[in-house]
Amino acid sequence: MSACLSRRRKFNIPRACLICLNAFLLTACFTTRLEAPQGKDVRIMAADEPASFHKEYKDWYLLSGLLPIWRTNMADLIAKEQLVEVRVQTEDRVADGVITLITEELLLGVFPQSIVLEGNTAATRGRGIKNTKEQSTLPRNLGPVTRHPESSGHPAEQAANQQPDTRLTGTGQPQK
Amino acid sequence: MNNLAPASALLLYALSMGGCGTLYMNAPPGSDIKLLSRDAPTTVKIEKHIWFKWWGGQPLHPEEAHAATIIKDAGLKEARIRMTNTLVDGLYSIIPGAFGFPRRTLIVEGNREITPTTRTLVRSKP
């Protein structure tokens, strides 16, 4: 009986501890911030707005997020790329998960995270390429979108399109 | 063979815990939301926990994976966004995560009105 108990203890406790440790290590801690650089005027873009700037970055953490090795600073990037409007998406991809899984077993806990930064500079506002992937996942109830048939979807352009035609002739008829 | 079973189970469990998930830091369509800097004062802080299904392949409620939903619901005019996976998220994910339901946290801080300190920075529309 005692032999049976000691045998069970010998096998089960380390295994349970290992599973708990593994589960705890796999639930990595990480943070991605979208903030504007100091003194810069930046606008947050909607999901369906065109973006001319599109770049992917990777954040790297060690020991399941306890030790950030390389963390992307969005404010610095926005300032560097001179973006005036931005949006970000954070992705935990399967490849990232596999890296974590393998390194977790080696007790390194390397945790990569993919970050996609999209935006426009003052020169390219409203002239970018639509993010079709993000647009397809955007729910339809996030607010009214009144769009001109030939519009790019940019709010500034939409506002301009909504303004009444002020080019009137002396008779009050719109100019042809 | 007997020794392989626990190792396989452990690997399977670890594999199931390696959840994915995509979160969008964006604004509602047709809006003009100003992005705040890190030290800008804010009056509103909203924390939302986003659950995913299929090991992060799809959010449980797709609209919740967009910061735009929080910004719109709170009526914010300026905001800064943070996506985080805290220790609490990790602990919550231990059991549901194994069944393919990982969790992430989206934090939006901002103001319902453009604050005087940031008013001067608001750009004029072209």
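Since the structure is predicted, the reported quantities are computational estimates derived from the model, not experimental observations. So you know, we letter chains A, B, ... as the sequences are listed, proteins then strands, and number each from 1.
B/Ile107 and B/Val44 are members of different hydrophobic clusters when ILVMFWY side chains are connected at heavy-atom separations under 4.5 Å. Following chains of ILVMFWY side-chain contacts shorter than 4.5 Å, one cannot reach A/Tyr57 starting from A/Val116, and the two form parts of different hydrophobic clusters. A/Met45 and A/Phe53 are members of different hydrophobic clusters when ILVMFWY side chains are connected at heavy-atom separations under 4.5 Å.
Each of B/Leu23, B/Asn26, B/Thr22 was scored for a side chain to side chain contact (heavy atoms under 4.5 Å, CB included) with A/Gln89, with one residue passing: B/Thr22.
Contact between B/Lys34 and A/Lys40 at its shortest, heavy atoms only, is NZ-O, 4.1 Å. The heavy-atom pair separating A/Gln38 from B/Ser37 by the smallest distance is NE2-OG, 3.8 Å. For the residue pair B/Met25 and A/Ile44, the shortest heavy atom distance occurs at O-CG2, 4.4 Å. For the pair B/Pro29 and A/Ala46, the tightest heavy-atom approach, listed with the atom from each and the gap, is CA-CB, 3.6 Å.
For B/Ala67, no part lies near chain A; criterion is any non-hydrogen pair under 4.5 Å.
Counting heavy atoms from C-beta outward, A/Thr31 and B/Met83 have side chains that stay 4.5 Å or more apart. Counting heavy atoms from C-beta on, the side chains of B/Tyr24 and A/Glu91 never come closer than 4.5 Å.
Atoms CZ and CE, on B/Arg80 and A/Met74 in that order, are 16.0 Å from each other to the nearest 0.5 Å. Rounded to the nearest 0.5 Å, atoms CD (A/Glu85) and CG (B/Asp32) are 9.0 Å apart. Atom CZ of A/Phe111 sits about 6.5 Å away from atom CG of B/Asn85, to the nearest 0.5 Å.
Listed by first and then second residue, the salt bridge (charged side-chain N to carboxylate O under 4.0 Å, His left out) pairs that reach into residues 35-55 of chain B are A/Glu35-B/Arg38, sequence neighbours excluded.
Remark: B/Thr105 engages B/His49, B/Asp89 in a side-chain hydrogen bond (donor to acceptor under 3.5 Å, both in side chains) (not counting sequence neighbours).
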